[in-house]
Number of protein chains: 2
Amino acid sequence: MSKPSQHQRKIKQNMKHRDNHSVCIKTALSRAEKRCAEDGQRFTGLRRQVLELVWAEHKPAKAYDLLATLSSIRSGVAPTTVYRALDFLQERGLVHKIESLNAYVGCSQPDTDHCGHFLICEACSEIKEIENSRVSSWLEQAAQDEDFIIKSETVELIGLCVRCQPLYGERATP
Amino acid sequence: MSKPSQHQRKIKQNMKHRDNHSVCIKTALSRAEKRCAEDGQRFTGLRRQVLELVWAEHKPAKAYDLLATLSSIRSGVAPTTVYRALDFLQERGLVHKIESLNAYVGCSQPDTDHCGHFLICEACSEIKEIENSRVSSWLEQAAQDEDFIIKSETVELIGLCVRCQPLYGERATP
DNA sequence: TTTGGGAAAGTAATATTATAACGATAAGCG
DNA sequence: CGCTTATCGTTATAATATTACTTTCCCAAA
């Protein structure tokens, strides 16, 4: 309500990003390639294909959907195939699992060592990874109050993204 | 490092709590009863038993483990039985699901309307729900930066609880 | 160039988690 | 009491994930 022009600007940013999504994919792939090379790991055809499929949209990809798609472009694909590739990609921080959806998304900041924090739109399913170092330090603080030492974080915020708010009047999925 | 005596105090608090855990359970049950009465909902024997089992420990309870235990004290128990009861309890805020574990814990603050935030010890599996209104308002802030409206939050912090830190030297599970 | 070792992928089976569909029963209400 | 509806029983099946074992492929050392 407070800053409509800024709101519009963010929507445009978002649109632009969608139009150029193929750039995202390419970037993700080349970063993955680089990352694997550095680690002395093999970025095989299978792994590349799975990562490409995960990146096909900024939406959570279900393992069995990846399996189905992958089967159509490659033979001898079983659940194991997909899960192994996903495990590999997760270990290298190239993909995150969204626990509340049992689904996977490409990591948008694979260079920084981190666990992802996500905004998940319940209307359009788009996922945005928030890069917000404040969040982690805040959570650290909260944990410290209990003398708890954090090793990894699952933070998944479900709600309405900037584009879907006008459509759903700030209420839940119709 | 900084406050060893306070650390000790917290450990003692924790111990004391474990010794008196039956109190937890009773409290949880009577709160549930009250809550259901207020809502005009039936707190049936089945629902009570499931809630009791979930509260048996401060550890995540798996649906199929509940199923097995429940089967031993009641006949005609199927997966549906357990999931229905869990759904009921979740809707009323009496139980939370831990997404990263596919497991369920009793809610320690069923009176306040909230989504839970959890500290999960990877060594002993104990779960502590953090009641920390700061956390939610921090996350709101982070979401606002993206003009995102939060409807619900999944926050699960994995690490070492106060009792397990000395045992595992602040490192991951052995 | 060959070959041996290890990583990756193929294959089959199975475990784990969750839901759907439909009928039977029992609790509350007029 | 008889009606309505929530609850529960029952069966089947869907969706997600892992284990174990075999085969293939890559790469590097001989």
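Residue numbering restarts at 1 for every chain, and letters A, B, ... go by the order of the sequence lines. Hydrogens, waters and symmetry mates are skipped; everything else that's a heavy atom, side chains included, is used.
Residues forming a side chain to side chain contact (heavy atoms under 4.5 Å, CB included) with A:Arg92 (at least two apart in sequence, or on another chain): A:Cys36, A:Asp39, A:Gln41, A:Phe88, A:Leu94. Legend: residues meeting salt bridge (charged side-chain N to carboxylate O under 4.0 Å, His left out) with B:Arg134, ordered by chain and number and at least two apart, are A:Asp145. Under the side chain to side chain donor-acceptor pair (under 3.5 Å) criterion, A:Arg74 pairs with A:Gln49, sequence neighbours left out.
Side-chain contact check for B:Ser108 and B:Glu129: at least one donor-acceptor pair (N or O, by modelled atom type) lies under 3.5 Å. Inspection of the B:His96 and B:Gln90 side chains reveals no N or O donor paired with an N or O acceptor under 3.5 Å.
Counting only distance, with no hydrogens or angles, the side chain of B:Arg47 and the backbone of B:Arg42 share a donor-acceptor pair below 3.5 Å. Side-chain atoms of B:Glu156 do not come within 3.5 Å of backbone N or O of A:Thr154 as any donor-acceptor pair.
Following rounding to the nearest Å, B:Tyr83 (OH) and C:dA21 (C1') show an atom-to-atom distance of 18 Å. The distance from atom CZ of B:Phe88 to atom C1' of D:dT7 is 10 Å, rounded to the nearest whole Å. Rounded to whole Å, the distance from CG on B:Asn102 to P on C:dT19 is 10 Å. Rounded to whole angstrom, the span from the CZ atom of B:Arg48 across to the C1' atom of D:dT7 amounts to 17 Å. If you take NZ of A:Lys62 and C1' of C:dT17, they are 12 Å apart, rounded to a whole angstrom. For the pair A:Gln49 CD and C:dA9 C1', the interatomic distance rounds to 13 Å; values are reported in whole Å. Atom CZ of B:Arg42 is separated from atom P of C:dA27 by 7 Å (rounded to the nearest Å). What separates CG of A:Leu89 from C1' of C:dA9 is a distance of 15 Å, to the nearest Å.
Heavy-atom distances under 4.0 Å link DNA chain C to B:Lys97 of residues 92-101 of chain B, given in residue order. Contacts between residues 65-74 of chain B and DNA chain D, counted as heavy-atom distances below 4.0 Å, involve B:Arg74.
In this structure, B:Leu70 is not a member of the same hydrophobic cluster as B:Val105, with clusters built from ILVMFWY side-chain heavy atoms closer than 4.5 Å. In the hydrophobic clustering of ILVMFWY residues, with side-chain heavy atoms under 4.5 Å counting as a link, A:Val135 and B:Leu119 come out together. A:Val95 and A:Val82 end up in the same hydrophobic cluster when Ile, Leu, Val, Met, Phe, Trp and Tyr side chains are linked at under 4.5 Å.
The shortest distance between the side-chain N/O atoms of A:Gln41 and the OP1/OP2 oxygens of C:dA7 is not below 4.0 Å.
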Restricting to nitrogen or oxygen on both sides, can you table the protein-nucleotides 11-15 of chain C pairs closer than 3.5 Å?
residue	atom	partner	partner atom	Å
C:dT11	O4	A:Thr80	OG1	3.4
C:dA12	N6	A:Thr80	OG1	2.8

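A:Tyr104 comes within 4.0 angstrom of sugar-phosphate atoms only, judged by non-hydrogen atoms across all strands, and of no base.
B:His21 and B:Trp55 have tilted rings, their planes meeting at an angle from 30° to 60° on a 0 to 90° scale.
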